Amino acid sequence: MRILFLFLVLLLTATAAAEPPAGFTPLFNGQDLAGWRGRPHFDPAKDAEGTPEERAKRQAEWNADMASHWKVESGVIVNDGQGVFLTTDRDYADFELHVEWMFPAPCGDSGIYLRGLPQVQLWDPACERDFKHGCQKGSGGLWNSPAGAEGKDPLVKADRPIGEWNALKIRMQGDRVSVMLNNELVVDNQPMPNSFTKHTTPPPDRGPIQIQTHGAPMHVRNVFIRELGTLDGSGPGWRDLSEADFENVNCAPDTWSWKNGTARCTGKPVGVIRTKKPLTNLELSAEWRHLQKAGNSGIFLWAPPQVFENLPPGKLPPGGIEVQVLDHGFTEQYEKQTGKKADWFKTDGDVFPVGSSDMKPFPPIAPDGKRSFPTARHSRGTPEWNHYYVRAIDGEVRLWVNGHEVSGGTDCFPATGFMCLESEGAPVEFRRLRIRELPDARTGFAPLFNGQDLSGWQGQTAGYEAVAGELRSKPGVGGNLLTAEEFGDFVLRFDFKLTPGANNGLAIRVPAQGNAAFDGIELQILDDGHEKYKDLQPWQAHGSIYGVVAAERGKCLKPAGQWNSEEVTVQGSQIKVVVNGKTILDANTAPFRDGQATPDGKPHPGLARTQGHIGFAGHHDEVHFRNIRVKRL
């Protein structure tokens, strides 16, 4: 068994290096340790201590130690568990880091230091020796956080077994850190501890990235980094936004004027200008000020194209995510004019969905449940300038006001569209508008549905329609709507909303013609809690591989009329279904492909297919879909 185990480890280790995601650069060249140096657990504040000669001697000793314990084999960094830490030559400020790691033997223990500070914890959750330290909770937590602090322990255990590769994604911006382990969120925007000062000071602005040694062998590969722009919009990839980037929607010709990079708005009539092209993932830096007390304006993100159709002067688009731009005097004016308490808005950076758009707000949340209130007051009143930094990526919006993160939300829909500057009754100025667009390819997912029509789809197109950014199956019409392209192994993500008792199906690896459930594979999309399905077969429940493998029933679907999120991973004969964050199916279909009788007693030749179309198998019921995107594996 030990020989087999070692063989599997070597086989996994020999996997070819991956290409860096869009916007990322490699920290490891796959051949040697160029760009890396040795450095132990060492307080960054002491880096400058000593004469230049003493510092050089110290570094030379660390480098010699590194060479004794770190090496490169077959494109993989290998450490014997001893010696100083592997440390980048360069220091980094804000960044996103991707790294794959693997422990070749049980009871592995290591970590990733950020800006020279410990650490994102990596260890073996099955190691009984470390149960007293909490290893059974999993890797990815900020281990040096104070006891009981959020982020010290991971939100979920997402580690893969010993001998298998783990994929770690770390984002550090300011003093905040988020960690994804194997595509599961384990730390959500928590402060990075500075244990060198016993948590009395924040992290340094810059520092190296380090891979820790802690007595156990460790393998590392595919190390990529993307430096994030500073909050003021400086750094690689940023550009100015000017008059040439915008077009008028429903303002007067003289509502907006531009001079020396400053956009001045009269505020009349109410309306917007929008970017000439839609945007998806972006960072925005902007300064603004109101020119009179109680001024009101805003920045719209991801406004869908249909909200601009026939929009008259005096109206704002009925869709998009608004980043509020309000003067503090607006509160007094509102209460004086209406006689009501201003408890439904704040003047320090609310973020909220407008009209047909949707968003899950970060707390604190307004009484209506839709608006994210700022966590603190950092906005300055007229006529002082304010600075906004907005990060809008993968359906999540975060707002910083004058250098402080205050509000935002996730699960935004739609998560692509136009950016607008708003005219709303009072003069306002914007200047130093800068943007950095981030391509969708950085996540690896590509949209299958453009939100406007059925381009890229084939089959029963008469049974489906595009409405308000959604794909809807028409009631009373059945049939398969299929992608024009074929897919083999992939991850598919989509949102769906069922009508009461509705039935549909997710078709995977299906041929252009035939029955999706038998000639391909069909995963159930079903309101399986409805009364009419009380006698349902287990393999007919939502998420089940129809006729083949039953999904766990009754613990994931939201009531009919509410949106659900689903992720389906298809790799070889393994199929995994996650609904609203809960895994309801993780099955290998190979036994049924190879002759084992299926629960429905029928042949399923589609199980042998390795490629085919993705689609929806309509069963005459109305079902809504949106945010349909796929990543090939």
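Keep in mind that this is a model prediction, so the values were computed, not measured. Counting from 1, the numbers follow the sequence of the chain as shown.
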Once rounded to the nearest 0.5 Å, what's the spacing between atom [atom1] of [X] and atom [atom2] of [Y]?
| X | Y | atom1 | atom2 | value |
| --- | --- | --- | --- | --- |
| E384 | N402 | CD | CG | 9.0 Å |
| Q173 | D94 | CD | CG | 5.0 Å |
| F373 | D350 | CZ | CG | 5.5 Å |
| H613 | L482 | NE2 | CG | 6.5 Å |
| L282 | R436 | CG | CZ | 11.0 Å |
| E567 | R629 | CD | CZ | 8.5 Å |

Identify the heavy atoms of [X] and [Y] that sit nearest to each other, and give their distance.
| X | Y | value |
| --- | --- | --- |
| E322 | S297 | OE2-O, 3.8 Å |
| K346 | P374 | CB-CD, 3.8 Å |
| Y388 | V325 | CE2-CG2, 3.8 Å |
| F308 | V249 | CD2-CG1, 3.8 Å |
| N248 | C251 | ND2-O, 2.7 Å |
| W400 | E405 | CD1-N, 3.1 Å |

Angle class for the H290/W288 ring planes (parallel below 30°, perpendicular above 60°, tilted otherwise)?
->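 Ring orientation of H290 relative to W288: perpendicular.
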
Relative to the ring of W238, is the ring of Y389 parallel (under 30°), tilted (30 to 60°) or perpendicular (over 60°)?
->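 Ring orientation, 0 to 90° scale: tilted.
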
Count the heavy atoms of every other residue, nucleotide or ligand shown that sit under 6.0 Å from [atom1] of [X], and state whether that count exceeds 12.
| X | atom1 | value |
| --- | --- | --- |
| E332 | CD | no |
| K532 | NZ | yes |
| K293 | NZ | no |
| K576 | NZ | no |
| K276 | NZ | yes |

Between the main-chain N or O of [Y] and the side-chain N or O of [X], is there a donor-acceptor pair closer than 3.5 Å?
| X | Y | result |
| --- | --- | --- |
| Y533 | D527 | no |
| H328 | S379 | yes |
| N250 | P312 | yes |
| T416 | L279 | yes |
| D240 | S242 | no |
| T338 | Y334 | yes |
| S372 | F362 | yes |
| Q562 | A560 | no |
| D175 | P191 | no |
| N182 | A158 | yes |

Is it true that [Y] and [X] share a donor-acceptor pair across their side chains at a distance under 3.5 Å?
| X | Y | value |
| --- | --- | --- |
| H624 | E622 | yes |
| Q324 | D348 | no |
| S565 | N580 | no |

Does N504 have any side chain to side chain contact (heavy atoms under 4.5 Å, CB included) partners at least two apart in sequence or in another chain, and if so, which?
->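 Testing N504 for side chain to side chain contact (heavy atoms under 4.5 Å, CB included), a comparison that skips the adjacent residues, returns Y464, S473, I525, F616, V623, F625.
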
Would V272 and L421 satisfy side-chain contact (heavy atoms from CB on, under 4.5 Å), going step by step from the backbone distance to the final call?
-> CA-CA 6 Å; V272 295; L421 299 181; over 6 Å; no

Answer yes or no: is there an ion pair linking [X] with [Y], defined by an N-O contact shorter than 4.0 Å?
| X | Y | answer |
| --- | --- | --- |
| E247 | R274 | yes |
| R239 | D245 | yes |
| R264 | E429 | yes |
| R226 | E96 | yes |
| D495 | K558 | no |

Candidates E566, Q524, E552 - the one meeting side-chain hydrogen bond (donor to acceptor under 3.5 Å, both in side chains) with H542 =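 Passing option: E566.
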
Side-chain touch [X]/[Y], heavy atoms, less than 4.5 angstrom:
| X | Y | result |
| --- | --- | --- |
| F352 | P361 | no |
| V510 | N480 | no |
| R398 | R176 | no |
| I299 | F430 | yes |
| L471 | F494 | no |
| P383 | L291 | no |
| L506 | I614 | yes |
| H620 | P475 | no |

Before giving the answer on side-chain contact (heavy atoms from CB on, under 4.5 Å), spell out for S178 and D188 the whole-Å C-alpha distance, their side-chain angles and the decisive distance to 0.1 Å.
-> CA-CA 5 Å; S178 295; D188 187 12; 4.3 Å; yes

Do F345 and F330 make the cut of ring centroids closer than 6.0 angstrom?
-> yes

Would you please test L526 and L536 for side-chain contact (heavy atoms from CB on, under 4.5 Å) and show each step?
-> CA-CA 11 Å; L526 186 73; L536 205 66; 3.6 Å; yes

Assess whether salt bridge (Lys or Arg N to Asp or Glu O under 4.0 Å) is satisfied between R626 and E470, documenting all intermediate values.
-> CA-CA 5 Å; R626 69 183 188 187; E470 300 173 10; 5.3 Å; no

Applying side-chain contact (heavy atoms from CB on, under 4.5 Å), run through D254 and T266 and close with a yes or a no.
-> CA-CA 8 Å; D254 61 350; T266 65; 5.6 Å; no

Take R391 and E396, measure what salt bridge (Lys or Arg N to Asp or Glu O under 4.0 Å) needs, and give me the verdict at the end.
-> CA-CA 8 Å; R391 184 172 170 81; E396 178 182 271; 5.9 Å; no

